[in-house]
A.B. asks: 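If you scroll down you'll find the structure; I have some questions about it.
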Amino acid sequence: MPTSLQSALAGLVLAAVVAMPALADGLKDEIAPVGKLRVAIAISPAGGAFWSTKAEAGYAGVPVDLGRELAAQLGVPVEYVVHQNSGQITDAASKGTWDVTWLPKDPDRETKMMFGPIYEVADATYIVKPGSNITNFATLDQVGVKVAAVNATTTMRGAIAHLRNAKVTGYQTYDEIFGLLKSGEIDAFALSRNQLNKMAQKIPGTRVLDETFKKTVTAVAVPLGHSQALAFVTKFMTEATTNGTLRKAYDNNGLKDSPIRTE
């Protein structure tokens with residue numbers, strides 16, 4: 001091999017070696033600017049593909065497991081930034097308090113954060129209070145009917161668009177709405193069918209309506225302008241869906257019978 005060619009190849013290899021740490025550092029500066037990966041989560045007793053739960057040793061949930069694995073790949077510690085609902089996570093997207101999250105996606109949120117691959121598609125419907133005469137959407141959508149939703153969420157926006165006569169009111173926490181439904185102070189609660197089925201098991205006499213008013217999609221997200229972070233989490237989620245990481249996160253969090261649904 002000519003000396004000039006050997007020198008050129010050696011130069012390219014050296015440039016690549018030097019560039020790799022620089023690229024890694026650039027990614028870490030964007031995705032973990034404080035030296036740890038701050039994962040935004042929302043807490044409810046029901047858990048699920050989006051919601052996390054408070055556990056004795058900290059937190060549990062699909063986003064919790066995915067955040068831990070993502071941090072391990074980056075080689076940084078993980079910290080969970082707790083919110084009461086996805087609306088609060090959205091409101092904090094521009095404040096620099098979290099680095100990555102997994103939450104329901106809709107056009108409003110796409111103006112406030114950048115989304116990667118969808119990993120969950122859920123049917124949104126309503127659960128009605130114990131003893132209610134409401135059996136379908138037609139009997140639900142009546143003047144005087146009180147419908148609750150978690151405040152500033154994609155499900156709340158969907159319920160407001162869906163119902164012409166019933167009044168939709170937003171509340172901050174799942175727990176608060178649970179109590180109102182159990183006591184009969186509200187007529188119905190809008191949420192994903194899987195979550196509502198779990199709620200129905202805890203409040204005898206409630207009924208989950210058969211119809212679906214919205215498909216809610218859940219995806220990984222990063223703050224606006226974090227293009228390197230988005231590329232990294234997109235690759236992570238694509239691999240997690242095929243290599244069993246996502247399936248394991250589902251299985252570890254009470255979702256063994258739930259299929260992974262992508263767009």
Side-chain angles (χ1 to χ4, degrees), residues 41-56 59-64 82-88 103-104 120-160 162-216 218 249-259 261:
I41 59 173
I43 300 296
S44 90
F50 156 65
W51 294 94
S52 298
T53 59
K54 184 73 173 68
E56 289 184 10
Y59 302 100
V62 172
V64 171
V82 178
H83 300 78
Q84 293 179 315
N85 56 59
S86 59
Q88 290 185 355
L103 82 173
E120 167 71 358
V121 181
D123 300 330
T125 187
Y126 307 92
I127 187 172
V128 297
K129 68 182 181 181
S132 174
N133 293 323
I134 295 170
T135 58
N136 54 34
F137 287 175
T139 52
L140 172 73
D141 193 15
Q142 301 294 323
V143 174
V145 172
K146 300 176 183 178
V147 178
V150 179
N151 194 52
T153 59
T154 183
T155 304
M156 179 175 174
R157 287 188 283 274
I160 290 171
H162 174 240
L163 299 173
R164 295 177 178 273
N165 301 302
K167 182 180 179 181
V168 180
T169 301
Y171 297 87
Q172 286 299 323
T173 69
Y174 176 105
D175 283 345
E176 183 181 10
I177 299 173
F178 183 99
L180 292 172
L181 187 74
K182 187 174 182 179
S183 65
E185 294 177 64
I186 56 173
D187 297 296
F189 177 21
L191 200 64
S192 70
R193 186 176 303 280
N194 288 342
Q195 292 264 311
L196 295 180
N197 285 338
K198 292 180 180 179
M199 180 179 276
Q201 294 173 2
K202 297 178 181 179
I203 309 178
T206 54
R207 179 192 302 113
V208 178
L209 302 185
D210 293 333
E211 299 154 289
T212 296
F213 71 86
K214 177 181 173 59
K215 296 284 185 182
T216 300
T218 305
Y250 269 51
D251 294 349
N252 287 346
N253 292 284
L255 300 173
K256 289 185 177 181
D257 297 327
S258 299
R261 300 174 63 186

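All values below were derived from every heavy atom in this structure, side-chain atoms included, with hydrogens, water molecules and symmetry-related copies excluded.
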A.B. asks: So how far is it from N253 CG to T53 OG1, rounded to the nearest 0.5 Å?
C.D. replies: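 The CG atom of N253 sits 7.0 Å away from the OG1 atom of T53.
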
A.B. asks: To the nearest 0.5 Å, what is the distance between OG (S258) and CG (D251)?
C.D. replies: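 Reported value, rounded in 0.5 Å steps: 9.5 Å.
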
A.B. asks: How many angstroms lie between CD1 in I186 and CG in L180, if you round to the nearest 0.5 Å?
C.D. replies: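 One gets 5.0 Å once the value is rounded to the nearest 0.5 Å.
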
A.B. asks: Can you pull the side chain to side chain donor-acceptor pair (under 3.5 Å) pairs that have at least one residue in residues 130-140, sequence neighbours excluded?
C.D. replies: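 Residue pairs passing side chain to side chain donor-acceptor pair (under 3.5 Å), neighbours aside: N136-T139.
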
A.B. asks: Could you list the residues that satisfy salt bridge (Lys or Arg N to Asp or Glu O under 4.0 Å) with K215, not counting sequence neighbours?
C.D. replies: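 Scan of K215 (salt bridge (Lys or Arg N to Asp or Glu O under 4.0 Å), adjacent residues dropped) gives D123.
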
A.B. asks: Looking at every non-hydrogen atom in both residues, tell me the closest pair between T206 and P130 and how far apart they are.
C.D. replies: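 That closest heavy-atom pairing would be CG2-CD, 3.6 Å.
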
A.B. asks: For A249 and V62, work out which heavy atoms get closest and say how close.
C.D. replies: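 Minimum heavy-atom contact is O-CG2, 3.8 Å.
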
A.B. asks: Tell me which pairs pass ring-ring contact (aromatic ring centres under 6.0 Å, His included) where either residue lies in residues 131-151, with sequence neighbours left out.
C.D. replies: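 ring-ring contact (aromatic ring centres under 6.0 Å, His included) check on residues 131-151 returns Y126-F137, F137-H162.
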
A.B. asks: Search all heavy atoms of P45 against all heavy atoms of K202 and return the closest pair with its distance.
C.D. replies: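 Shortest heavy-atom contact: O-NZ, 4.1 Å.
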
A.B. asks: Can you list every pair that meets ring-ring contact (aromatic ring centres under 6.0 Å, His included) and has a residue in residues 141-160, with sequence neighbours left out?
C.D. replies: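 As it turns out, there is no ring-ring contact (aromatic ring centres under 6.0 Å, His included) pair with a partner in residues 141-160 once direct neighbours are skipped.
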
A.B. asks: Holding to side chain to side chain donor-acceptor pair (under 3.5 Å), I want the full list of residues that pass it with N197, two or more places apart in sequence or in another chain.
C.D. replies: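 N197: no side chain to side chain donor-acceptor pair (under 3.5 Å) contacts found.
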
A.B. asks: For a quick test of reading the model, state the closest non-hydrogen atom pair linking N194 to E120 and the distance between them.
C.D. replies: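 Of all heavy-atom pairs spanning N194 and E120, the closest is ND2-OE2, 4.4 Å.
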
A.B. asks: Please assess I41 against V64 for the test side chain to side chain contact (heavy atoms under 4.5 Å, CB included), listing each intermediate value before the final yes or no.
C.D. replies: CA-CA 8 Å; I41 59 173; V64 171; 4.2 Å; yes

A.B. asks: Return the set of residues passing side chain to side chain contact (heavy atoms under 4.5 Å, CB included) with T216 (not counting sequence neighbours), or none when no residue passes.
C.D. replies: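 By the side chain to side chain contact (heavy atoms under 4.5 Å, CB included) rule, T216 matches P104, A124, T154, T155, K214.
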
A.B. asks: Once salt bridge (charged side-chain N to carboxylate O under 4.0 Å, His left out) is applied, what residue pairs with a partner in residues 177-198 remain, sequence neighbours excluded?
C.D. replies: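 Every pair satisfying salt bridge (charged side-chain N to carboxylate O under 4.0 Å, His left out) with a residue in residues 177-198: K129-D187.
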
A.B. asks: Rounded to the nearest 0.5 Å, what separation is found between the CE atom of M199 and the OG atom of S192?
C.D. replies: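 Separation between the atoms: 10.0 Å.
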
A.B. asks: Report the residues that fulfil side chain to side chain contact (heavy atoms under 4.5 Å, CB included) with A166, sequence neighbours left out, ordered by chain and then residue number.
C.D. replies: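 Scan of A166 (side chain to side chain contact (heavy atoms under 4.5 Å, CB included), adjacent residues dropped) gives D141, V145, V147, L163.
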
A.B. asks: Please give me the minimum heavy-atom distance between A159 and F213, naming the atom from each residue.
C.D. replies: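 Looks like N-CE1, 3.5 Å.
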
A.B. asks: When you measure from the centre of the six-membered ring of Y250, is the NZ or CZ of K256 under 6.0 Å away and within 45° of the axis?
C.D. replies: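 Here K256 fails the 6.0 Å and 45° test against Y250.
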
A.B. asks: Do T153 and F50 make a side-chain contact, defined as non-hydrogen atoms from C-beta onward lying under 4.5 Å apart?
C.D. replies: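 Not in contact.
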
A.B. asks: Return the CD1 to CH2 distance between I43 and W51, rounded to the nearest 0.5 Å.
C.D. replies: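 I43 atom CD1 to W51 atom CH2 measures 9.0 Å (nearest 0.5 Å).
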
A.B. asks: For T218, check side chain to side chain donor-acceptor pair (under 3.5 Å) against everything at least two apart and list the hits.
C.D. replies: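 Scan of T218 (side chain to side chain donor-acceptor pair (under 3.5 Å), adjacent residues dropped) gives none.
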
A.B. asks: Please tabulate, for the side chains in residues 167-179, all donor-acceptor contacts under 3.5 angstrom to protein atoms that are two or more places apart in sequence or on a different chain.
C.D. replies:
from: Q172; atom 1: OE1; to: N85; atom 2: ND2; distance (Å): 3.1
from: Q172; atom 1: OE1; to: Q88; atom 2: NE2; distance (Å): 2.9
from: T173; atom 1: OG1; to: E176; atom 2: N; distance (Å): 3.0

A.B. asks: In Å, rounded to the nearest 0.5 Å, how long is the span from CG of L209 to CD1 of I134?
C.D. replies: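 Reported value, rounded in 0.5 Å steps: 7.5 Å.
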
A.B. asks: For R157, check salt bridge (Lys or Arg N to Asp or Glu O under 4.0 Å) against everything at least two apart and list the hits.
C.D. replies: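 R157 satisfies salt bridge (Lys or Arg N to Asp or Glu O under 4.0 Å) with D106, D108 once adjacent residues are dropped.
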
